[in-house]
Amino acid sequence: MDPVYRLEANAPNILFVKLAIERSPDPSLTERFLLAQPDVIEASVWFENGELNAFVTLLDSAQISARDLRIECASNLGLQLTPKHFVLQCARPKAA
């Protein structure tokens, strides 16, 4: 990622250049967190148009909602790693 330089005024008539490295949060952290939640079978997290999104497959008997997952992510990971949009799918686990 290319660094972003910003001009900032520190004192009258004095400008300096501050290196600001803008980092995007790593979606794999959120993905691993979601996979560790009870009743979650699969999870996929990605960025689209600057927003974090998640597709989560739950056990068909799960009593968890997108709101519950959002609250868990925000409480444990922070808002930057919390998906804005969740798509939930219920499924039965595959037999071995």
Side-chain angles (χ1 to χ4, degrees):
M1 176 184 324
D2 293 327
V4 176
Y5 294 94
R6 294 191 179 129
L7 293 176
E8 294 188 4
N10 212 20
N13 300 325
I14 298 174
L15 292 176
F16 67 96
V17 177
K18 178 182 177 184
L19 177 62
I21 300 175
E22 296 180 7
R23 295 184 183 170
S24 298
D26 185 2
S28 68
L29 298 173
T30 304
E31 200 168 276
R32 285 193 300 255
F33 177 78
L34 289 170
L35 286 168
Q37 299 307 301
D39 298 330
V40 173
I41 299 171
E42 293 178 349
S44 180
V45 180
W46 70 96
F47 273 103
E48 187 174 332
N49 299 326
E51 295 178 341
L52 202 57
N53 299 283
F55 185 89
V56 181
T57 304
L58 302 169
L59 288 172
D60 61 350
S61 60
Q63 297 295 317
I64 194 165
S65 68
R67 182 177 186 273
D68 297 331
L69 289 173
R70 187 174 289 113
I71 289 170
E72 284 298 313
C73 286
S75 299
N76 292 285
L77 301 175
L79 292 176
Q80 192 174 21
L81 290 171
T82 300
K84 185 168 184 177
H85 305 284
F86 280 87
V87 174
L88 300 183
Q89 170 183 312
C90 291
R92 293 187 180 181
K94 297 178 183 176

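No experiment lies behind these values; they were computed from the predicted model shown.
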Do you know which of V45, N76, V40 makes side chain to side chain contact (heavy atoms under 4.5 Å, CB included) with F33?
-> N76
Measure the OG-CG distance between S28 and L35 for me, rounded to the nearest 0.5 Å.
-> 10.5 Å
So, the side chain of S44 versus the backbone of F55: is there a donor-acceptor pair under 3.5 Å, distance only?
-> no
Interatomic distance, CG@D26 vs CZ@R32, rounded to 0.5 Å, equals 6.5 Å
L59 CG to I64 CD1 distance, which is reported to the nearest 0.5 Å = 11.0 Å
E51, CD: over 12 other non-hydrogen atoms inside 6.0 angstrom | yes
For the student: nearest non-hydrogen atoms of D60 and R92, plus distance = OD2-NE, 2.8 Å
In Å and rounded to the nearest 0.5 Å, what is the CG to CG distance from L58 to L69?
-> 6.5 Å
State, to 0.1 Å, how close P25 and P27 come at their nearest heavy-atom pair, and which atoms those are.
-> O-CD, 3.2 Å
Can you name the nearest heavy-atom pair linking T30 to C73, along with the distance?
-> CG2-SG, 4.2 Å
In one Ile/Leu/Val/Met/Phe/Trp/Tyr side-chain cluster, 4.5 Å: F47, V56 = yes
Linked, directly or transitively: W46 and V87 (ILVMFWY side chains, under 4.5 Å) = yes
Decide whether L79 and L77 are clustered together by the hydrophobic rule: side chain heavy atoms of Ile, Leu, Val, Met, Phe, Trp, Tyr closer than 4.5 Å, transitively.
-> no
Does any N or O in the side chain of D39 come within less than 3.5 Å of the main-chain N or O of Q37, such that one atom is a donor and the other an acceptor?
-> no
How long is the span from the CD atom in E31 to the CG atom in L52, to the nearest 0.5 Å?
-> 10.0 Å
